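Handing you this structure, nothing more for now.
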2 protein chains.
Amino acid sequence: MPASHNPKQNQLLAALPAADYERLLPHLEPVTLPLGLVVFESGSKLRHLYFPASGIVSLLYAMEDGASTEIAVIGNEGVVGIALFMGGESTPSRAVVQSAGHGYRLKAAVLKTEFELGGPLQHLLLRYTPALIAQMTQTAVCNRHHAVDQQLCRRLLLSLDRLPSNKLTMTQELIANMLGVRREGVTEAAGNLQEAGLIRYSRGHITVLDRPKLEAQVCECYAVVKREMDRLLPDKTAC
Amino acid sequence: MPASHNPKQNQLLAALPAADYERLLPHLEPVTLPLGLVVFESGSKLRHLYFPASGIVSLLYAMEDGASTEIAVIGNEGVVGIALFMGGESTPSRAVVQSAGHGYRLKAAVLKTEFELGGPLQHLLLRYTPALIAQMTQTAVCNRHHAVDQQLCRRLLLSLDRLPSNKLTMTQELIANMLGVRREGVTEAAGNLQEAGLIRYSRGHITVLDRPKLEAQVCECYAVVKREMDRLLPDKTAC
DNA sequence: CTCCAACCGTACGTTGACGCACAGAGCGTC
DNA sequence: GACGCTCTGTGCGTCAACGTACGGTTGGAG
C-alpha cells in the first residue's frame, strides 16, 4: 500500500492504540471517493461507516422542492455515517463527496461488534459526535443570522482546513447549493473577495491568496466549530 | 412520591427494563424546572444529565452580539446534556427551561458508570441522539428556506407535542428569540394564524384551536423530525 | 382605583436575497 | 479554429424580513 494510501491519514484511525488499530485493519476496505459520489442516500439503509483519508464529504439535506442545504462537512478528522453506531440505520440527510479523495470503510456488522466492545474506538467515535453536532448547530445559527458573504468565507475555510493545498475545486453553482442560496449571490460574494485580493477565482478553481484576511472576515461561527473540533479531537485524545 | 411525580413520565426512563430502572432509581434526583431556569450555561461544565418528566427545555445558541437561535426542543421524550455521555464535558449551546415542569437528573459520574456498562441505558441514549440531531439539522434547513409564518407553526407544534394541553405559555418576544427573528415578525405571523382561526392569542397565552389546520400549514421540517422521533423511540424500543 | 410594566399591534423606510433573463468568457472537442 | 457547453458576470423588479419608533391594551401591584 503506497504511503499516499494509509488508513492513518484519517485522524480517528490514527488516534487508535496499536492493538485496536491492528484488529480493525483487516476489515478496513479502501474506497475511492470521486467527486459527486453519493456515499449514502437520504433515508436509505447505511451499510458502512466511512473514514475519509483525503477529500471531503458533505452532509446535505434536500427538500421536497429540490432546494438543498449543507448540514456539515467531514474530512479526515471524522467519519461519515454516525447514525450507524448509534443504532439508527438511516438518516434523513444525504452524504455526497464534495472534493475527491479516498478513504476506508467498515461494514456495519463489524463496526457494531467493535463498538460494543466499549473500547477506544467507541470512545473516539462518541467524542467526535459532539464536535459534529457543534458544526450542525452552528450551521443553523449562521443560516439565520449571517450574510452570504460571511457564509462564503466560512465555507471556504471549512474546505481549506480539510485539504492539503490552498486550491479548492468548486463552482459557484455548487457552493450555492451547499449554502442554500442563489448562484448569483455567490457570484457577488466571491467577486467581493476577489476584489479584496483574498482569493482568485476561475471557472471552478479557487485559490486562496490570503487566509489570515479570510479568517478576519468570517463570522464567529467558524471559530466556535473549530474550537470544538480541536477540543474533542486533540492528538492526545485519551482513550 | 405522588403519581404526578414519577420518573417513568420520561419516555426514555420508562423504556428501561425493570432491573436497569431499579438500579438507576436511587440515583435519580427529582428537580423542578421553573420557567427560565438555565439548566446549563454555554461552555460550562456539565454536572448532570437531565430527564424531563414534564415541561420543555430549549437548546439555544447565543451569539456574541446577543442574538440567539433555538437549536432543539426537548421534552419528556429525551434528555438534556447528551454531550455528557459522549465524553464532552460542555457544549457551546445553552439549555433553558421554556415551559415549566419537573424532571430528574443523574450525576455525571453515575451516568458515566452506567453508560459504560453498555446495556439498555446506553442503547436508549444513543438511539435518542440521531433523533435529536435530526431536529437540529432540520432547524438549519428551516432557518434557511422557510418563512416566519411556517416556522411559527412548526414551533407551536413542537411545544404542543410535549405538553398535555392545547394551551401554551409563551410571549411573542420569547418566540422571536427562539426563532431568531424580530418580535414584530412573530406578531404578524401570529396575527395571521389568529385571523384564520387556528389559534387564540392573549398576552403570553396561546390556545391552539385547530391543530389539524396547523399541521396542514406547517413546512415539511416538522414531519421529518417527528418521523425520526417516532422511528427511534417507539414503545417497542428493543434493548 | 390608579398606575405601571409588560405585552401586543401598526407603520414606514431600508435592505439583503430572490427570481428571471441574458450577455460574455473560458475550455474542450471534433 | 469554430462550435458548444459550462461557468461567471450583470441588471433588473419584487419581496420578505429588518430596524426603528410609537400608540394601545391588559393585568397585576400597591
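Order of the sequence lines sets the chain letters (A, B, ...), proteins ahead of strands, with each chain counted from 1. Everything numeric here is computed off the predicted structure, so don't read it as measured data. Scope of the values below: all heavy atoms of this structure, side chains included, with no hydrogens, waters or symmetry mates.
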Please list residues of residues 151-158 of chain B whose heavy atoms come under 4.0 Å from any atom in DNA chain C, ordered by number; otherwise none.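 When residues 151-158 of chain B is checked for heavy atoms under 4.0 Å from DNA chain C, there are no hits whatsoever.
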May I ask you to test the Leu49(A)-Arg105(A) pair for a side-chain heavy-atom distance under 4.5 Å?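 Counting from C-beta outward, Leu49(A) and Arg105(A) never come under 4.5 Å.
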Run the numbers on Lys167(B) and Ile206(B) for side-chain contact (heavy atoms from CB on, under 4.5 Å), then give the verdict. CA-CA 6 Å; Lys167(B) 292 192 189 346; Ile206(B) 309 174; over 6 Å; no
Minimum heavy-atom separation for Ala190(B) to Leu152(B), with atom names?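 That would be N-CD2, 3.6 Å.
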Write out all pairs satisfying side-chain hydrogen bond (donor to acceptor under 3.5 Å, both in side chains) with one or both partners inside residues 174-184 of chain B, taking only residues at least two apart or from two chains.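 As it turns out, the side-chain hydrogen bond (donor to acceptor under 3.5 Å, both in side chains) pairs with a partner in residues 174-184 of chain B, which skip direct neighbours, are Arg183(B)-Thr187(B).
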Mind running a 4.0 Å heavy-atom check of residues 59-71 of chain B against DNA chain D and sending the residues that fall below it, in number order?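 Going residue by residue through residues 59-71 of chain B, none turns out to have a heavy atom under 4.0 Å of DNA chain D.
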On a heavy-atom basis, which atom in Cys221(B) and which in Val141(B) lie closest, and how many Å separate them?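 Smallest heavy-atom distance, with atoms named: SG-CG1, 4.4 Å.
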Side-chain (Gln9(B)) to main-chain (Asn6(B)) donor-acceptor, under 3.5 angstrom: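 Yes.
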Suppose the criterion is side-chain hydrogen bond (donor to acceptor under 3.5 Å, both in side chains): which pairs have a residue in residues 189-209 of chain A, not counting sequence neighbours?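 Of all non-adjacent pairs touching residues 189-209 of chain A, those that pass side-chain hydrogen bond (donor to acceptor under 3.5 Å, both in side chains) are Asp149(A)-Asn192(A).
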Please identify the 5'-most and 3'-most nucleotides of DNA chain C with any atom under 4.0 angstrom from a heavy atom of chain A.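 The contact span of chain A on DNA chain C goes from dA17(C) to dC27(C).
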Where Arg144(B) and Val181(A) come nearest, the two heavy atoms and their spacing: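 Minimum heavy-atom contact is CZ-CG1, 3.8 Å.
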Side-chain heavy-atom pair Tyr50(B), Val79(B) within 4.5 angstrom cut-off: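 Tyr50(B) vs Val79(B): side chains apart.
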Can you measure from OH (Tyr61(B)) to OG1 (Thr137(A)) and round to the nearest 0.5 angstrom?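 Output value for this atom pair is 8.0 Å.
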For Glu77(B), enumerate each residue passing the side chain to side chain donor-acceptor pair (under 3.5 Å) test, keeping only those at least two apart in sequence or located in another chain.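 Side chain to side chain donor-acceptor pair (under 3.5 Å) list for Glu77(B), sorted by chain: Arg162(B).
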Distance (rounded to the nearest 0.5 Å) between Ser90(A) OG and Phe40(A) CZ: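 It comes to 9.5 Å.
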Per the salt bridge (charged side-chain N to carboxylate O under 4.0 Å, His left out) rule, what does the pair list look like for residues 52-76 of chain B, sequence neighbours excluded?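 For residues 52-76 of chain B: Glu70(B)-Arg155(B).
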List the atom of Pro130(A), the atom of Leu232(A), and the distance in Å for their closest heavy-atom pair.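 Shortest heavy-atom contact: CB-CD1, 3.8 Å.
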Heavy atoms, side chains only, cut-off 4.5 Å: are Ile82(A) and Leu132(A) in contact?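 The answer is yes, as the side chains (C-beta and beyond) meet within the 4.5 Å cut-off.
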Mind listing the closest non-hydrogen atom pair of Ala140(B) and Ile71(A) along with its distance?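 It is CB-CD1, 4.4 Å.
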Specify the residues of residues 136-149 of chain A, ordered by number, for which at least one heavy atom lies under 4.0 angstrom from an atom of DNA chain C.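 Within residues 136-149 of chain A, the residues near DNA chain C are Ala147(A), Val148(A).
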Pairs under 3.5 Å (N/O, protein and nucleotides 22-30 of chain D):
unit_1	atom_1	unit_2	atom_2	d
dT26(D)	O2	Arg203(B)	NH2	3.0

Run Leu59(B) and Arg94(B) through side-chain contact (heavy atoms from CB on, under 4.5 Å) and show every step you take. CA-CA 6 Å; Leu59(B) 261 38; Arg94(B) 195 176 150 179; over 6 Å; no
Minimum heavy-atom distance between Ser54(B) and Leu33(B), given as atom pair plus value: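 Looks like O-CD1, 4.1 Å.
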To the nearest 10°, let me know how far the axis at one end of the helix from dC1(C)-dG30(D) to dC30(C)-dG1(D) is tilted from the axis at the other, five pairs an end.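 Taking five pairs per end, the axes differ by 30°.
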Using the test side chain to side chain contact (heavy atoms under 4.5 Å, CB included), find all partners of Ala83(A) that sit at least two apart in sequence or belong to another chain.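 Leu46(A), Thr91(A).
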Euclidean distance, Ile199(B) CD1 relative to Leu168(B) CG, rounded to 0.5 Å: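 Reported to 0.5 Å precision, the distance equals 9.0 Å.
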Using a cut-off of strictly less than 4.0 Å between a heavy atom of the residue and any atom of DNA chain C, enumerate the qualifying residues of residues 170-182 of chain B by number.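 DNA chain C contact set from residues 170-182 of chain B: Thr171(B), Gln172(B).
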Would you classify Gly185(B) as touching base, sugar-phosphate or nothing, given that sugar-phosphate means primed atoms plus P, OP1 and OP2, and contacts are heavy atoms under 4.0 Å?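 No contact.
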Quickly work out the Arg200(A) CZ to dT8(D) P distance and round it to whole Å.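 It is 15 Å, rounded to the nearest whole Å.
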